[in-house]
Amino acid sequence: AALGTNISAWWILTANSFMQHPTGYVLQGGRALMADFFALITNPNIPYQFTHVLTGGIALAGFVVLAFSAWHLLKGREKALFQTMFRWGARYALIGSLLVGIIGHFQGQFVLQMQPLKMAAAEAHWETAQPAAFLVVAIPNERAKANSFEIRIPYVLSFLSYNNPTARVEGIKDLEKAAIARYGPGNYIPPVALNFYAFRIMVLAGLLMVLLALLAVVYRNPEKRPGFLKLLLWAPILPYLAGTTGWIMAEVGRWPWIVYGLLRIEDAISPNVSAGSIIFSLTVLTVLYTVLSVLAFRLAIKAGAGEAAAAGQVAEAY
Ligand code: HEM
């Protein structure tokens, strides 16, 4: 099942990589046709995107195992078993969290080459600067094309972008002019505030994940730290939050393109699918998945309670 899921993820991300950075096609009469299957499956975006998503999944799995073992340790159940489970969950969470962050950094440098406006929006970097400062916090004002508030760290954006603290980093305004010159008139600036905050939330969640996983690896007797165990019960929220904000950045930041540089959102809208039918199918899917999630949780809790009761009976018999 794990192998099948990973292969499936690889194909989905191959399709998404075509939308981010189209390869292996020819244009015939305004239609993009596949001309080179090998170029399609060796899209240079795939290694970054696939490994980023995969290691994010590894981190999530580690945090779920940590949360479950923390729960049982708090209840004082089967100490030796859940201590072992805790240790493995901690190692898994730490490796996943470190790798997802490191890969994310190099992915950011690749996205800067592939879709410079996405990265400039994610950094709320309006004016070209050399050297460029990193904004820890900002309030982007999209109408004024400027930030109304900034907390900056000098040189860091240049270094993160090009491994050189004094490199020139193009700003949104200059990149917009270049896009108009290349693709014709239009609005090429992605929603800056949404991209900026989505990126910041993903990175902050990633850093907190590294910190929590590191503490979980280092602490020798986690059962003696109930406060930390209680914190870990909520920790799986972090990788979920990072994954969701990551997708928001990847998809919203591609504005105004469905397929980057080839097909605009306005040209990809199906005229015979109404807004009403989209809302209807989204509602049905949301309700269906919510019901399935509640059922899955109830079954898991019931099975867990059954096992705990059985374990208690075995212990009593001895
Ligand atoms: C800690 C530092 C991190 C950095 C520097 C980083 C960087 C990035 C970048 C640049 C993108 C946009 C890629 C694109 O538009 O094509 C992205 C997307 C994404 N990120 Fe992160 N990320 C980090 C942490 C995380 C964490 C902790 C998770 C989840 C556990 C995560 C999950 C995702 C997902 C699911 C996407 C969308 C798919 C993709 O394009 O790869 N990221 N990340």
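In each ligand, atom 1 is the first atom listed, and ligand 1 is the first ligand listed. All residue numbers refer to positions in the sequence shown, counting from 1.
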Need the ligand 1 atom indices (1-based, order shown) with element for anything under 4.0 Å from a heavy-atom of [X].
X      : result
Gly101 : 1 (C), 2 (C)
Ala250 : 14 (C), 15 (O), 40 (O)
Gly108 : 10 (C)
Trp247 : 35 (C), 36 (C), 37 (C), 38 (C)
His105 : 5 (C)
Val111 : 13 (C), 14 (C), 16 (O)

When the side chains of residues 229-246 are checked against the rest of the protein, which donor-acceptor pairs come out under 3.5 Å, sequence neighbours left out?
{"unit_1": "Thr244", "atom_1": "OG1", "unit_2": "Tyr240", "atom_2": "O", "d": "2.8"}
{"unit_1": "Thr245", "atom_1": "OG1", "unit_2": "Leu241", "atom_2": "O", "d": "2.7"}
{"unit_1": "Thr245", "atom_1": "OG1", "unit_2": "Ala242", "atom_2": "O", "d": "3.1"}

Could you tabulate the donor-acceptor pairs under 3.5 Å formed by side-chain atoms of residues 108-120, not counting sequence neighbours?
{"unit_1": "Gln109", "atom_1": "NE2", "unit_2": "Leu160", "atom_2": "O", "d": "2.8"}
{"unit_1": "Gln109", "atom_1": "NE2", "unit_2": "Asn163", "atom_2": "OD1", "d": "3.0"}
{"unit_1": "Gln115", "atom_1": "OE1", "unit_2": "Lys118", "atom_2": "NZ", "d": "3.0"}
{"unit_1": "Gln115", "atom_1": "NE2", "unit_2": "Gln20", "atom_2": "O", "d": "2.8"}
{"unit_1": "Gln115", "atom_1": "NE2", "unit_2": "Gln20", "atom_2": "OE1", "d": "2.9"}
{"unit_1": "Lys118", "atom_1": "NZ", "unit_2": "Gln20", "atom_2": "OE1", "d": "3.1"}
{"unit_1": "Lys118", "atom_1": "NZ", "unit_2": "Ala250", "atom_2": "O", "d": "2.9"}

Any salt bridge linking Glu142 with Lys145? Criterion: basic side-chain nitrogen under 4.0 Å from a carboxylate oxygen.
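Looking at Glu142 and Lys145, the cut-off is not met.
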
With a 4.0 Å cut-off, would you call Arg152 and Glu150 a salt bridge?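 Answer for the salt bridge query: yes.
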
With heavy atoms under 4.0 Å as the rule, classify the contact between Lys118 and ligand 1 as side chain, backbone, both or neither.
->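 Side chain only.
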
Original post:
When you look for heavy atoms under 4.0 Å from ligand 1, do you find them on the side chain of Ala59, its backbone, both, or neither?
Top reply: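 It is neither; nothing of Ala59 touches ligand 1.
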
Less than 3.5 Å apart, which donor and acceptor atoms pair up between the side chains of residues 79-97 and the rest of the protein, not counting sequence neighbours?
{"unit_1": "Gln83", "atom_1": "NE2", "unit_2": "Glu223", "atom_2": "OE1", "d": "2.9"}
{"unit_1": "Gln83", "atom_1": "NE2", "unit_2": "Glu223", "atom_2": "OE2", "d": "3.1"}
{"unit_1": "Thr84", "atom_1": "OG1", "unit_2": "Ala80", "atom_2": "O", "d": "2.9"}
{"unit_1": "Ser97", "atom_1": "OG", "unit_2": "Ala93", "atom_2": "O", "d": "2.6"}

Check: If you measure from CD1 on Ile41 to OG on Ser17, what distance do you get to the nearest 0.5 Å?
Finding: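 These two atoms lie 12.0 Å from each other.
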
Nearest 0.5 Å please: distance from the NE2 atom of His105 over to the CD1 atom of Ile103.
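It is 12.0 Å, given to the nearest 0.5 Å.
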
inquiry  = Is there a continuous path of hydrophobic side-chain contacts, each under 4.5 Å between heavy atoms, that joins Val294 to Ile301?
reply    =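 Per the 4.5 Å side-chain linkage, Val294 and Ile301 are not co-clustered.
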
Quiz item: Are Phe196 and Ile151 connected in the hydrophobic side-chain network, where two residues link if heavy atoms are under 4.5 Å apart?
Solution: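 Hydrophobic grouping puts Phe196 with Ile151.
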
Give every protein N, O or S atom lying under 2.8 Å from atom 21 (Fe) of ligand 1, naming each by residue and atom.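 Correct list: His52 NE2, Met202 SD.
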
- Out of Asp174, Asn147, Asn141, which one pairs with Trp126 under the side-chain hydrogen bond (donor to acceptor under 3.5 Å, both in side chains) rule?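 Only one of Asp174, Asn147, Asn141 forms a side-chain hydrogen bond (donor to acceptor under 3.5 Å, both in side chains) with Trp126, namely Asn147.
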
- Looking only at protein heavy atoms, identify the closest one to atom 39 (C) of ligand 1 and say how far it is in Å.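 Checked against all protein heavy atoms, atom 39 (C) of ligand 1 sits closest to Gln49 CG, 3.3 Å.
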
